[in-house]
Amino acid sequence: TNDACLGMQGVGYAPPMDLSASDLPAETGCSSRRYRRNRSVFSEKQLADLEKWFVAEKYLTASLRVKIASQCGLTEMQVKTWYQNRRMKWKKQMQQQGVVDIPTKAKGRPCKRQRPSAESDNEEH
């Protein structure tokens with residue numbers, strides 16, 4: 001089978017038995033399709049470690065991502081993706097509990113609209 005064609009009909013797509021990959025029409029576009037990785041399956045220990053880190057920090061820094069990936073035996077991309085998905089799950093849980101003001105940015109990362117104005121700078125001098 002052509003690995004580039006995995007995304008055509010789901011994981012593990014193979015052409016019908018009477019056709020070989022070379023018999024497929026050129027317009028199938030197999031070579032131009034992006035390859036999609038299989039879903040990662042985390043071990044119970046990896047999940048427990050990721051959850052422990054998530055309880056402590058809802059947002060990753062680059063150095064924390066490297067540290068967690070190294071400790072859990074995962075790639076940085078897997079850690080980043082897990083964190084993004086877990087944060088969305090957490091936000092949905094907060095909304096269901098009626099929490100209105102759910103933090104949406106990491107601590108210490110000011111929103112552009114909250115930058116000090118020139119007037120407030122003048123008042124301090």
Side-chain angles (χ1 to χ4, degrees):
T1 66
N2 184 351
D3 288 343
C5 292
L6 287 177
M8 284 181 58
Q9 298 284 336
V11 177
Y13 169 76
M17 294 295 277
D18 59 336
L19 293 176
S20 71
S22 62
D23 292 331
L24 289 173
E27 64 270 5
T28 59
C30 291
S31 61
S32 65
R33 292 193 182 260
R34 287 179 45 191
Y35 176 76
R36 182 172 174 174
R37 284 181 46 110
N38 290 336
R39 184 177 183 271
S40 296
V41 179
F42 300 109
S43 71
E44 287 183 29
K45 180 170 179 2
Q46 287 171 328
L47 288 172
D49 288 346
L50 286 164
E51 286 288 346
K52 178 189 74 170
W53 281 107
F54 184 78
V55 168
E57 289 292 330
K58 300 290 188 262
Y59 291 87
L60 285 172
T61 61
S63 59
L64 183 58
R65 184 177 64 233
V66 170
K67 183 177 183 177
I68 294 172
S70 174
Q71 286 183 357
C72 294
L74 300 168
T75 66
E76 289 182 49
M77 186 62 78
Q78 286 174 312
V79 172
K80 179 182 174 185
T81 302
W82 185 90
Y83 249 78
Q84 288 173 332
N85 292 337
R86 183 61 180 89
R87 205 166 31 246
M88 288 301 106
K89 179 180 177 181
W90 171 71
K91 286 180 182 180
K92 286 180 185 176
Q93 290 169 338
M94 293 289 104
Q95 288 174 338
Q96 289 174 349
Q97 294 173 9
V99 176
V100 179
D101 192 20
I102 302 168
T104 58
K105 290 194 181 266
K107 293 180 214 169
R109 190 172 168 195
C111 181
K112 290 180 181 177
R113 286 177 266 137
Q114 294 177 345
R115 284 198 320 234
S117 66
E119 291 176 18
S120 63
D121 287 345
N122 292 338
E123 292 172 7
E124 294 174 9
H125 296 292

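Side-chain atoms are counted along with the backbone in the values below, which use heavy atoms only and exclude waters and symmetry mates. These numbers were taken from a predicted model, which means no experiment stands behind them.
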request  = Check whether more than 12 heavy atoms from other residues, nucleotides or ligands sit under 6.0 Å from atom NZ of K52, and answer yes or no.
outcome  =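 Yes - once you tally the heavy atoms of other residues, nucleotides and ligands closer than 6.0 Å, there are more than 12.
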Single-linkage hydrophobic cluster F42~V66, side-chain heavy atoms < 4.5 angstrom =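 Different clusters.
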If you take all heavy atoms of [X] and [Y], which pair is closest and at what distance?
X: Q46; Y: L74; answer: NE2-CD2, 3.2 Å
X: E76; Y: A69; answer: N-CB, 3.9 Å
X: E57; Y: Y83; answer: O-OH, 3.0 Å

ask   = Is T81 reaching over with its side chain to a backbone N or O of M77, donor-acceptor style, under 3.5 angstrom?
value =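 Present.
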ask   = Are the side chain of R87 and the backbone of K58 linked by a donor-acceptor contact shorter than 3.5 Å?
value =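 Yes; at least one donor-acceptor contact below 3.5 Å.
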If you round to the nearest 0.5 Å, how far is [atom2] of [Y] from [atom1] of [X]?
X: K92; Y: Q95; atom1: NZ; atom2: CD; value: 9.0 Å
X: R65; Y: W82; atom1: CZ; atom2: CH2; value: 15.0 Å
X: M94; Y: Q96; atom1: CE; atom2: CD; value: 9.5 Å

query = Are the side chains of Y59 and L64 in touch, meaning some heavy atoms are under 4.5 Å apart?
reply =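 Y59 does not reach L64 side chain to side chain.
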query = Can you find a pair of side-chain heavy atoms, one from L50 and one from I68, that are under 4.5 Å apart?
reply = yes
request  = Apply side chain to side chain contact (heavy atoms under 4.5 Å, CB included) to the pair W53 and K67, showing each step before the final yes or no.
outcome  = CA-CA 11 Å; W53 281 107; K67 183 177 183 177; 4.0 Å; yes
key: side-chain hydrogen bond (donor to acceptor under 3.5 Å, both in side chains) partners for Q84, two or more places apart   = none
